[in-house]
Amino acid sequence: MSEFRRLLVNLAEDEHRGELLQKMRRLLTPDSQVELFSCVYSAGLDSSHLFDADGRQHAIQSVLRKVEKGLQSHMDKLVQQEIEAGADVYWDRDRAEGVVRKALRYQPELVLHALEPHPRVLSQLLAASDWRLLRQCPTPLLLSKTRQWSERPRIAAAIDPFHLDDVAAELDQKLLSHATRLAAQLGGELHVIHVFNTLPHSAIFDEHLVVDYEQLQKKVAIEHRQRIGEMIAPLQLEVGDPCVHLREGEFHQVLPKLIDEQSIDVLVMGSLARGFIDRLLLGSSAERLLDQVSCDLMIVKPDSFHCPVTEF
């Protein structure tokens, strides 16, 4: 099983650097390659009337050098551990786009990013940088919260084998693969989660089906168990294993409780492209869960994902 060797670590000045750096160190292997990155911007400086064009550019370069010097100290510690490391700083008004542009250039296997605290409603309407990064990042993205991982981290893949299209079905296999890789790299424990819904009684209109509603529920549950069993068999797992969790209910209600019950450290889940109206009104499963779950999230895109940010 291959490891996540090439890491891009987004270190913003005003976020929990210590926790993020500690998680990065947990991921290091002897052949790791690490790029420390920071995207900075000051609207006051960029629009200041105190400088002419040359003076403004000089002031911006001074800020960039200061930030890069801070990254350099962390980079030097990695180099002392014989880890291949570098540091880079961008001046960009849009922090999310800056990270995505860097990812397109550096081509990491995993991007590490510390989440900013943000009001749920405003983050939906104003498209805060975390949300845009979740939607646009072309590589697997680890969204880190302040909680540290346990000594033997529990890594859970949230899958749904009843997708109606091939792209989503392929994504499930990718989620299992990435969760397995991460668990192996951290010396952790792999978990598999599937939350499903049987038809509510109000949705049954055929009188014969109403009579057999309980039997119908059992049939749907059996089908889900069988499909999950087929998916996890190559991992030497079975539905009855303690690390395989099949729960009935609403995904956004059941999953946060399950994560707390099982002390999950990282939830690996997919993110599919959606239109603007869908994102505004509903959001993806990953977006809706971002503020609800207590653990870190690894967001994985399908192979066919097209990044909306163009490299320059």
Side-chain angles (χ1 to χ4, degrees), residues 1-11 19-29 31-37 39 95-115 129-145 149 153-160 163 167-188 190-193 235 259 264-274 284-287 289-290 293 295-309 311:
M1 182 62 63
S2 61
E3 299 167 324
F4 294 98
R5 295 175 54 252
R6 195 169 173 85
L7 308 177
L8 175 61
V9 186
N10 181 37
L11 293 174
E19 292 91 343
L20 192 62
L21 287 167
Q22 187 169 340
K23 290 172 182 176
M24 175 203 71
R25 287 191 287 269
R26 295 281 300 271
L27 287 164
L28 293 178
T29 64
D31 55 353
S32 287
Q33 300 172 15
V34 178
E35 182 83 349
L36 303 175
F37 175 73
C39 189
R95 291 174 58 190
E97 185 165 318
V99 176
V100 172
R101 291 189 188 278
K102 178 62 183 180
L104 289 169
R105 287 182 171 179
Y106 185 65
Q107 294 293 304
E109 295 174 315
L110 182 63
V111 175
L112 279 69
H113 171 76
L115 285 168
S129 59
D130 287 342
W131 301 92
R132 294 199 302 278
L133 183 58
L134 185 155
R135 296 171 188 146
Q136 297 176 3
C137 188
T139 58
L141 172 67
L142 180 63
L143 296 170
S144 169
K145 298 194 175 185
W149 296 334
R154 292 186 169 190
I155 314 300
I159 60 175
D160 181 3
H163 289 303
V167 172
E170 291 174 4
L171 180 58
D172 270 344
Q173 294 296 337
K174 197 172 181 180
L175 295 176
L176 287 171
S177 174
H178 282 19
T180 303
R181 289 173 65 186
L182 187 63
Q185 187 163 344
L186 293 172
L190 175 66
H191 286 245
V192 178
I193 294 174
L235 301 175
I259 285 171
I264 300 299
D265 293 282
V266 181
L267 177 67
V268 183
M269 61 187 303
S271 177
L272 296 172
R274 302 177 68 95
S284 71
S285 296
E287 291 167 349
L289 283 169
L290 192 60
V293 298
C295 66
D296 293 353
L297 277 78
M298 178 190 280
I299 308 301
V300 179
K301 302 289 198 309
D303 291 334
S304 59
F305 173 75
H306 174 70
C307 179
V309 177
E311 171 69 299

Donor-acceptor pair, side chain of [X] and main chain of [Y], under 3.5 angstrom:
X      : Y      : value
Thr180 : Leu176 : yes
Gln185 : Phe4   : yes
Arg5   : Ser32  : no
Lys145 : Val293 : yes

For Arg6, give me all partners under salt bridge (Lys or Arg N to Asp or Glu O under 4.0 Å), at least two apart in sequence or on another chain. none
Quick test of your reading of the model: are Glu97 and Arg101 salt-bridged, counting only N-O distances below 4.0 Å? yes
[X] to [Y] - nearest heavy-atom pair and separation:
X      : Y      : value
Ala103 : Val111 : CB-CG2, 4.4 Å
Ala157 : Ala179 : CB-CB, 3.7 Å
Leu27  : Leu182 : CD2-CD1, 3.6 Å
Tyr106 : Glu35  : CZ-CB, 3.5 Å
Arg132 : Ala96  : CB-CB, 3.9 Å
Val9   : Val34  : CG2-CG1, 4.0 Å

Listed by chain and number, what are the side-chain contact (heavy atoms from CB on, under 4.5 Å) partners of Ala183, not counting sequence neighbours? Ile155, Leu190
From CA spacing to verdict: side chain to side chain contact (heavy atoms under 4.5 Å, CB included), Gln136, Val99: CA-CA 10 Å; Gln136 297 176 3; Val99 176; over 6 Å; no
Point-to-point distance, once rounded to the nearest 0.5 Å, from [atom1] of [X] to [atom2] of [Y]:
X      : Y      : atom1 : atom2 : value
Cys137 : Leu104 : SG    : CG    : 8.5 Å
Arg26  : Lys23  : CZ    : NZ    : 10.0 Å
Met24  : Gln22  : CE    : CD    : 10.0 Å
Lys301 : Thr139 : NZ    : OG1   : 8.0 Å
Arg95  : His113 : CZ    : NE2   : 7.0 Å
Asp265 : His191 : CG    : NE2   : 9.0 Å

Report yes if the side chains of [X] and [Y] come closer than 4.5 Å at any heavy-atom pair, otherwise no.
X      : Y      : value
Leu297 : Leu115 : no
Lys102 : Cys39  : no
Ile193 : Met269 : no
Asn10  : Leu20  : no
Asp296 : Ser144 : yes
Leu143 : Asp130 : no

